[in-house]
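Notes to accompany the following structure.
The analysis underlying the following values was restricted to heavy atoms, covering all of them including side chains, and did not include hydrogens, waters or symmetry mates.
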Amino acid sequence: MINIFQVAYKNLLRKKARSALTIVGIALAAWVLVSLLGFNRGYEMSLNRDIDNLGFQILVTAKGCPYEAATLMLKGGTGLRYMKADVVAQISKEPEVDEITPMLMQAVFDPNKGESGGYSAYLGVDPATFPKMKSFLEFKQGKWFTDPEALEAVMGYEAAELEQREVGDPLLITEKNVEVKVVGILKRTGTQDDGTIFLPLKMVQKTFDKTDDLTGIGIKVKKEASISKLEDKLYQLPDVQVVSMSQVKQTIMTLVSTAKVMVFSIALIAILISVVGVVNTILMSVMERLQEIGILKSMGATAWDIFKLIWLETLILCISGGVIGAFFALGTARLTDVLIRRLLPYAPSGGLVQINPSLVLLTFGIVILIGLLSGVYPSWKAGRVRPLEAIRSQVE
Amino acid sequence: MSQTSPIVLEAHDLVKIFHRGSEDIPAINHVSLSIREGEFVAFVGPSGSGKTTLINILGCLDNPTSGKLSLDGRVVVDEGRVLSESALTKVRRDIFGYIFQKFYLIPTLTVQENVLLPFTFYRKPGADAEVGRILKLLGIDHRKDHLPGEISGGEMQRVAIARALINRPRILLADEPTGNLDTRRSEEIGELLKGLNRREGLTIILVTHNPALANIADRIIELRDGAIYKESWSSNREA
Amino acid sequence: MNSGGADMHKKTRILWLLFLLLVLPARESRGAVGCDLNDPDRDVARLFPGSTGFKTNYVSIDKKGGPALLAQIEDRLGDQFQGLYETIDVPYTLYEVFKGKEKIGYIHGVNEKGQYGGLQVFLALDLNGVIKTFYFQKLTSKYGRELRDSTFGDQFVGLSLKDFYRYDVKTGSTGGDAALEKIKNPVPEAEPDFKAALRATKKNLILVDEFILDNKYLPYHQAAGGTKS
């Protein structure tokens, strides 16, 4: 037996190249759409996670540009400015403060890294407060150091891999010629922590001769307390810069939103083009088959039957294109990630393009809607063909 | 066929006028006729005589300007009042099977699928049971899994006939069914139609300008200028 | 006016993004970290004077031959692969170097655990697997200056895997190989890194032999008393 679905499908097989090209067009549109929606979702998720994984909502640094400070904390880097250690005591007095952790970042030049040397960065952290704030960090080997002056190090996974270090191995802080012992290796987090080498704060201060200096103070605000109120108070402190992570996020999202608008308008154009392509394909095939449609009607097909048949053909094209496009998007998500990363002002770590089932379903929904809409006119036109057309056009 | 068979098609005073600019061209000029169940009627005549226009009106594919047409006792057209398009579709699928000069087979469907195509829209009760018999009757049983591109023109027209018969129509309307075939295949199709009429009792209305084909019908109606010019009964059939 | 220019710049970037999305082929993502040249264009030209281009290939023991291949490589090395990072799935980057259309050699680097950090030992080889250049891309050592000095690396030039078979990577014994005896450790205190450099070199040469030279040097291993084929 045979059903209308098979007839529609086999009709499409009659012009394979044309059907295939139409499907490719829809697939491209679906691909762009899925990737963009995935990016839209993933970027914000990654950014939120990056910020949450900092473990603190407010970062106090020495005066400088706020974005640079954020970048410094997020990425690790150079061009350091210092503030005095007693700021910690001052801030601790504020009632909104839940936890506070001082940090000192140091970078040393290693002439034996690469052809022309390179920087290694170390983050001095307080073993009493830092691990508690970053309790989500997990260890692959070992554990945190406990002595604030110990010659010990905890390494992010990538840093450890680069240096081929395992727990118990010695690690050399090159410029200072100081040897420390690796006591912990963190699991991969997908954040900047992967590339960080953590050392006890006091030891860093001593080694680098910065006994009274800090580069950053992380503050975790009490759950019920107002972050902005605390921020206002922190602004009163001399020579410090207050970076609130929600501000950073805001700023970054604003920067990215311009890009998003552009990209979404391009996606919209891609979709419009594919709609026009579908309408054109189906309309063409209807025009070519006027006589045949007349015959179908003489066989007893109603206008609605013909409408359904042509609509089904449109839907098959759109759904196949949608499926291919969605799979393609899944397959190339990482590549898209890499490319977007290169082009954005600031890209958080972790997957920028997050494609999940509901997103794929949404895209299917959109593609099917496109199919339904773009099929209406050709199907209606086909449904109106009178059986006589078949005979009339053969007479002349 | 006997004179007492019920009348399945009755046309009274059919007129069809085509408007071309300000000129009115009468294509069908006061034609009245009736066809009884089991008859094999051939319409012949020179081109422009109106035979195709007439068969289209009789087959409910076109509407007359005036006149009355009843099919199987149902009035389809009466003085310009026509049934709705959907009602016409119902009449068409109940009464008629159509075949044309071109076969209109879907090239990507097999012979059997092409024959079954009408079922995707409409299935007359009990029609399924006939499928195998119809394929055999038309001698395309052994070709049922082939694609149209793999069979001959004669076979393609047989497929088209099988498709027209699948819903067991009361009347088979054939408009130049051998127009695309060579002499030998035309004869085969002619024999086939004759057989369907004689053995299955199928009413057939045929339009052709091929005298040999027309001669297999038991009633030949010759049209000239849109009117019946001559009507003859062939004697090649015993009563 | 200025902001208009910045907008234009942004637009161009986004158009490029779409262009790249549509045109670039997918790249394989990698789990474990391999050993790439930091700046391949510059580094290949420097390590292989006279070269005009190169092709980058990624090979891992896992994909090439699985555990059986790993066993053979360990046998040839005379030591097990060890630790968190010296694993079967490490992707090795093998650069094929060209002069015009003609292939003139290979560059291949490996990671090796040193005393205070990771070593990255790159070798530029001719088509027969003979060392043309020895290069520490990265070296964390108190004696980095001495080890990275060209007088150290030059000692490896002209050697091939043939010369390393009698070298015992565990003890550092040269096994009496005359060519290897000539390689001197510039600083006695740097012994662990010196040995790591030699182990890295041997490992590097074995991998190249397995990956691209069709085990041309395997007979020397057997002659030197290798345990199996």
Which value, rounded to the nearest 0.5 Å, describes the distance between [X] atom [atom1] and [Y] atom [atom2]?
{"X": "C:Tyr116", "Y": "A:Ile173", "atom1": "OH", "atom2": "CD1", "value": "12.5 Å"}
{"X": "C:Gln120", "Y": "A:Leu162", "atom1": "CD", "atom2": "CG", "value": "6.0 Å"}
{"X": "C:Gln115", "Y": "A:Glu179", "atom1": "CD", "atom2": "CD", "value": "6.5 Å"}

Are there over 12 heavy-atom neighbours, none belonging to [X], within less than 6.0 Å of that residue's [atom1]?
{"X": "A:Lys206", "atom1": "NZ", "value": "no"}
{"X": "A:Lys140", "atom1": "NZ", "value": "no"}
{"X": "A:Phe327", "atom1": "CZ", "value": "no"}

Decide, yes or no, whether a salt bridge links A:Glu163 with C:Lys113 under the criterion of side-chain N to carboxylate O below 4.0 Å.
no

When you compare the side chain of C:Leu84 with that of A:Arg165, does any pair of heavy atoms fall below 4.5 Å?
no

